[in-house]
Amino acid sequence: MTEILGYFLMSWLDPMMLLLTAAGTFAGIYIGAIPGLSVTMAVSILVSFTFKWDVNHALALISGIYLGGVYGGSRSAILLNIPGAPSAIATGLDGFPLAKRGEAGQAIGLTTVVSVYGGFIGILALAVAAPAVSELALKFGPREYLLLAMWGLLLVGSLSGESLSKGIFSGALGALIACVGLDPMTGEQRLTFGSLQLSAGISYIAAMIGFFGVAEVIAQVHELKLKAVKQNVSKIIPSWSLVRKHLGLATRTSTIGVVVGALPGAGGDIAALMAYDHAKRTVKNPSRPFGEGAYEGLVAPESANNAAVGGAYVPMLTLGIPGDAVTAVIIGALYIHGLKPGPMLMIETPHLFWFIVGSLCLANIFLLVFGLTGIKIFAKIVETPKPVLLPLILVLSAVGAYAINNNPVDVYWMLGFGLLGYLLKMYGFQVGPVILGMILGPMMDRSYRQAMMSTGNDVGLFVTEFFTTPLSAIILAAVVFTVVSQTQWWKKLLRRS
Amino acid sequence: MHTSHPRLPGELTFMVLAVALSAFMLWAAYGISQFESISSPGVFPMLCAALLLITGLMSLVKTAKARLQLEGETFFQQFVRKLAPLQLVLFTALIVAYALTLEILGFLLGSYLFLLLSMQVLGSKRIGLNLLVSAVVLAAIFVVFQTAFSVVLPAGSLVGPYLPEFLK
């Protein structure tokens with residue numbers, strides 16, 4: 001117990017880590033708030049810079065950015081009616097009407113408090129659930145991992161986009177990109193077309209920066225003319241009665257956030273929308289009608305999306321399966337630092353787990369401090385004109401890609417993926433599943449082959465064992481449900497009932 | 001969940017290319033170890049490429065069925081407005097040029113030129129401010145990344161030899 005407390009407090013007692021967590025949270029709030037800058041983009045670029053750092057320092061910074069960024073999106077949703085991040089889409093529905101009524105300060109204050117509250121519930125769930133899930137995950141074999149990875153890809157493909165086929169296309173594209181290079185099991189060349197460059201594989205960090213950085217920057221050129229609306233944000237600290245009134249709802253929606261965040265592939269954006277929907281259905285007497293400035297419409301999505309952060313860490317740390325695009329990038333960072341997320345991580349490096357929990361708690365406290373202060377400077381920074389901002393992000397992306405190997409080839413990959421990402425986005429494909437496919441592809445490949453070899457390459461036995469092993473059967477049922485729930489047949493059935 | 005939006009200009013061509021590339025990748029994946037064994041290194045890439053081809057074809061059919069709504073414009077006019085406005089094309093061209101010349105011009109000069117030109121292209125017309133912001137931000141990036149992140153940025157084959165040591 002004392003050991004655990006020691007690991008937990010590591011980032012609290014080390015001045016450097018304290019500073020990095022604070023800097024990460026501060027930067028995260030602003031990155032999340034500026035429309036066009038996403039947390040995934042920031043973390044992707046940062047991961048390449050922190051290669052040479054101590055892993056704890058890198059994780060302290062990334063934890064802060066992640067938590068700060070998820071919250072930061074709400075600021076621009078309230079002030080400008082432009083969600084700074086996908087997880088803040090629901091926030092603008094009531095946040096902006098509140099701002100128009102001159103209550104932007106109160107809206108931001110309440111949002112900050114419930115975000116921190118949701119964040120703590122998420123972290124608590126992580127601390128309690130992760131060791132248990134990890135125990136369970138020790139019983140998982142290659143078959144279960146294959147199914148979990150498939151489920152993650154299907155979930156992200158189906159929930160985040162307009163079309164399931166396009167979602168699966170993106171995921172398969174990512175998995176195929178990850179196959180390029182030498183086969184990790186046999187050393188055989190795969191899809192290298194005789195090129196020495198391709199034998200080393202394609203850097204997923206370069207791909208991430210391309211898809212989330214360059215593609216987003218190019219796409220933002222379409223929205224250069226959006227102007228910020230100045231709001232009155234003088235009184236920001238909310239009254240205790242206002243906070244207390246909404247704690248019940250925040251607890252319920254934080255639970256939704258934790259559960260949705262913990263589902264492989266579903267992140268804060270989906271959690272926030274589900275929580276908003278829950279609030280609309282269950283709150284009988286909102287402060288104002290939903291959509292016209294109801295405080296409940298702010299509390300629900302904002303507590304849920306921050307709670308989803310803790311939730312998303314559960315499958316990432318215990319199974320090595322990302323909960324969303326940001327955790328996919330963080331998994332990449334862990335691999336780079338020589339760590340292997342999965343059930344053994346908790347057993348071999350328990351200090352790392354408790355260190356992450358401690359850093360997240362610390363970041364959450366910083367979130368409260370930064371969230372309730374500095375609003376005047378904030379309003380100025382959010383108004384940074386895009387013609388200045390976009391080229392700067394591009395330069396940072398290029399530096400990030402170059403820093404991977406000090407090699408311009410990674411900059412070319414970044415550029416190629418950036419252009420591809422732009423076209424994919426424009427034509428209705430999601431880029432999140434591509435990255436998830438790149439992370440989950442090698443796991444699926446390895447698990448599939450191990451499972452198949454364990455049956456002596458007997459296809460019949462391979463298939464049968466999915467139904468005869470209880471764990472596999474349960475996950476398989478979830479995978480099948482995910483597919484069936486997307487069909488027209490299921491939707492018609494729901495409508496009829 | 002199905003596509004109900006009208007077709008975008010160029011979408012059909014993009015989908016045809018995606019399907020053709022998927023078919024090529026399936027063929028390339030088949031070439032890895034053919035059907036040697038059900039757990040050979042080529043099986044997973046083949047499965048991915050097959051999935052790519054199937055879902056690509058499904059999206060292609062949906063795209064082909066959707067109608068192009070030109071709203072009184074020509075195909076080219078709508079393509080330019082929705083996908084490739086002049087500003088975006090010029091900015092993208094600058095990004096490509098920046099990436100390709102990074103090693104030759106070096107990080108400092110290449111980035112400075114890129115920042116200035118792109119700010120101009122994207123509509124930030126206050127040249128003095130652009131010059132100043134670019135210089136300050138670039139100096140900050142250079143110092144932070146060289147020191148805190150130990151990133152060695154390219155000095156450039158063209159200007160590198162003439163730069164003082166602290167700028168390399």
Side-chain angles (χ1 to χ4, degrees), chain A residues 49-50 52-53 158 161-166 168-169 172-173 175-176 179 183 185-186 188-191 193 214 217-218 221-222 224 385-388 390-392 394-396 398-399 402-403 406 408 411-412 414-415 418-419 423 426-428 441 444-445 448-449 452-453 457 459 462 486 488, chain B residues 1-3 5 8 10-11 14-15 18 25 28-29 32-33 37-39 41-45 47-49 51-52 55-56 58-59 62-63 82-83 85 87-88 91-92 95-96 98-100 102-103 107 111 114-115 118-119 122-124 130 133-134 137-138 141 145 149-154:
Chain A
F49 295 142
T50 53
K52 291 166 193 157
W53 284 20
S158 60
E162 59 178 24
S163 146
L164 180 63
S165 58
K166 284 184 175 175
I168 298 176
F169 183 92
L173 177 67
L176 194 67
C179 289
D183 171 32
M185 287 170 88
T186 62
E188 213 166 307
Q189 302 255 359
R190 297 199 298 188
L191 308 172
F193 307 102
V214 180
V217 163
I218 298 176
V221 177
H222 287 286
L224 282 177
K386 281 192 181 168
V388 175
L390 298 181
L392 291 176
L394 203 283
V395 169
L396 278 175
V399 176
Y402 188 84
N406 284 349
V411 180
Y412 307 149
M414 172 203 82
L415 183 65
L419 295 176
L423 289 175
M426 287 291 117
Y427 291 133
M444 289 168 81
D445 183 15
Y448 161 73
R449 282 157 75 188
M452 185 57 91
M453 279 189 241
N457 287 345
V459 181
F462 174 78
Q486 296 300 315
Q488 291 303 312
Chain B
M1 291 197 178
H2 56 100
T3 326
H5 64 75
L8 282 167
E11 192 172 357
F14 180 77
M15 283 317 306
M25 291 311 286
I32 298 171
S33 44
S37 138
I38 194 78
S39 59
V43 173
F44 187 72
L47 284 173
C48 293
L51 204 57
L52 211 58
T55 49
M58 284 164 72
S59 303
K62 271 185 208 163
T63 310
K82 289 197 168 169
L83 278 123
Q87 240 177 353
L88 191 143
F91 183 50
T92 310
I95 298 173
V96 175
Y98 172 57
L100 294 178
L102 194 63
E103 281 269 286
F107 172 75
S111 303
F114 168 74
L115 285 174
S118 1
M119 284 176 189
L122 295 179
S124 178
N130 293 352
V133 170
S134 303
V137 173
L138 216 52
I141 292 177
F145 290 105
F149 295 105
S150 324
V151 175
V152 181
L153 296 161

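Note: hydrogens, waters and symmetry copies are ignored here, and every other heavy atom, side chains too, is used. Below, chain A is the first sequence line, B the second, and so on; all start at residue 1.
Two residues are said to be in side-chain contact when any heavy atoms from C-beta on lie closer than 4.5 Å; A:S165 and B:K62 meet this criterion. Using a 4.5 Å heavy-atom cutoff, the side chains of A:V395 and B:Y98 are in contact. Residues B:L102 and A:Y412 form no side-chain contact, since every pair of their non-hydrogen atoms from C-beta on lies 4.5 Å or further apart. Under the 4.5 Å side-chain criterion, counting only non-hydrogen atoms from C-beta, A:I218 is in contact with B:I95. Contact annotation: the side chain of A:K386 never approaches that of B:L122 to less than 4.5 Å [non-hydrogen atoms, C-beta and beyond]. By the 4.5 Å heavy-atom criterion applied to side chains, A:M185 and B:P41 are not counted as neighbours. Residues A:L191 and B:M25 meet the side-chain proximity criterion, which asks for heavy atoms closer than 4.5 Å. Side-chain contact check for A:L394 versus B:S118: every heavy-atom pair is 4.5 Å or farther apart.
Taking CG from A:L396 and CD1 from B:I141, the interatomic distance works out to 4.5 Å, rounded to the nearest 0.5 Å. Once rounded to the nearest 0.5 Å, the distance linking CG of B:L100 with CG of A:L415 reads 7.0 Å. Summarising the geometry, atom NZ belonging to B:K82 is positioned 11.0 Å from atom NE2 belonging to A:H222; distances are rounded to the nearest 0.5 Å. Put simply, OG on B:S37 and CZ on A:R449 are 8.5 Å apart, with the number rounded to the nearest 0.5 Å. Atom CE of A:M452 sits about 4.5 Å away from atom CD1 of B:I38, to the nearest 0.5 Å. Taken to the nearest 0.5 Å, the OG atom of B:S39 stands 10.5 Å off from the CG atom of A:D445.
Heavy-atom distances place both the backbone and the side chain of B:Q87 under 4.5 Å from chain A. Neither the backbone nor the side chain of A:M414 has a heavy atom closer than 4.5 Å to any heavy atom of chain B. With a threshold of 4.5 angstrom between heavy atoms, A:F169 approaches chain B through its backbone and through its side chain. Residue contact with chain A, scored on non-hydrogen atoms closer than 4.5 Å, involves the backbone and the side chain of B:V96 alike. Proximity to chain B is limited to the side chain of A:N406, based on heavy atoms less than 4.5 angstrom apart. In this structure, chain B has no heavy atom under 4.5 Å from any part of A:F462. Both the backbone and the side chain of A:A175 have a heavy atom closer than 4.5 Å to some heavy atom of chain B.
Taking every heavy atom of both residues into account, B:P45 and A:L176 meet most closely at O-CD1, 3.4 Å. Looking at every heavy atom in both residues, B:E103 comes nearest to A:Y402 through OE2-OH, 3.3 Å.
Checked against the 6.0 Å centroid threshold, B:F44 and A:Y448 do not count as a close aromatic pair.
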